[in-house]
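The structure appears below as structure tokens.
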Amino acid sequence: MKALLLIDIQNGFCPGGNLAVPDGDAVVPVANRLIREGGYDVVIASQDWHPSNHGSFASQHPGKKAFDMGELSGQPQVMWPDHCVQGTADADFHPDLDMAEIDHIQQKGENPAVDSYSAFRDNDHAALTGLAAYLKAQQVNELDICGLATDFCVKFSALDARDMLPDVKVRFVSDASRGIDPSGVKTAIDEMRSRGIGIVTSDEILAD
Ligand SMILES: [Zn+2]
């Protein structure tokens, strides 16, 4: 079974959002083509879904401002602007994303004490979201991953897919993804490639 995992294609990560990724909304038409024409058996969308007091927010750390480095759950943590707060428009999926074709929504980042870049587990690896079990139950053996942002949630999700689903072929869809920092994107792609993750474009997928 072939699955597509769309990472955090939410208003908060698109232009006008609280943690906008440059050109983030450019992934929406590409994602929609993949959803409709990519031949996937299962389509999953992850959703960053934070309580308003989430510990990744600079606002929760006196003296810190957005994009400073701080600490959360004993690990270095980027202090983010408040973003994707549960029930706000910032947390909604981009309005043009074709939600009718999405089989499963995987929320993440609900525990205020730890961040969850990956759609599979929290950053401290203590708590699983259930996505790996879902994909196993669906007998997924090919998983394409894309979305926002390449250098954070997409990369960590792809690396966790490699670790937690060793029998699944994992690919990163580059043109259906955008990152926060250009040098971080390059490093992320190198790291994914070095871990055995395929790097493909949507055209290559649609031509198959
Ligand atoms: Zn977040």
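Counting starts at 1 for both ligands and their atoms, in listed order.
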Is the side chain of His104 donor-acceptor paired with the backbone N or O of Ala45 at a distance under 3.5 Å, no angle test? no
Treating Asp122 as the side-chain partner and Asp124 as the backbone partner, does any N or O pair qualify as donor plus acceptor under 3.5 Å? no
Are there over 12 heavy-atom neighbours, none belonging to Gln75, within less than 6.0 Å of that residue's CD? yes
Heteroatoms of the protein, restricted to N/O/S, which lie under 2.8 Å from the Zn ion (ligand 1): Asp48 OD2, His50 NE2, His83 NE2
From the list Asp144, Leu131, Val43, side-chain contact (heavy atoms from CB on, under 4.5 Å) partner of Leu5 resolves to Leu131
SB check Arg33 Asp203 (cutoff 4.0 Å): yes
Any idea how Tyr117 and Phe156 line up, ring-wise: parallel (<30°), tilted (30 to 60°), or perpendicular (>60°)? tilted
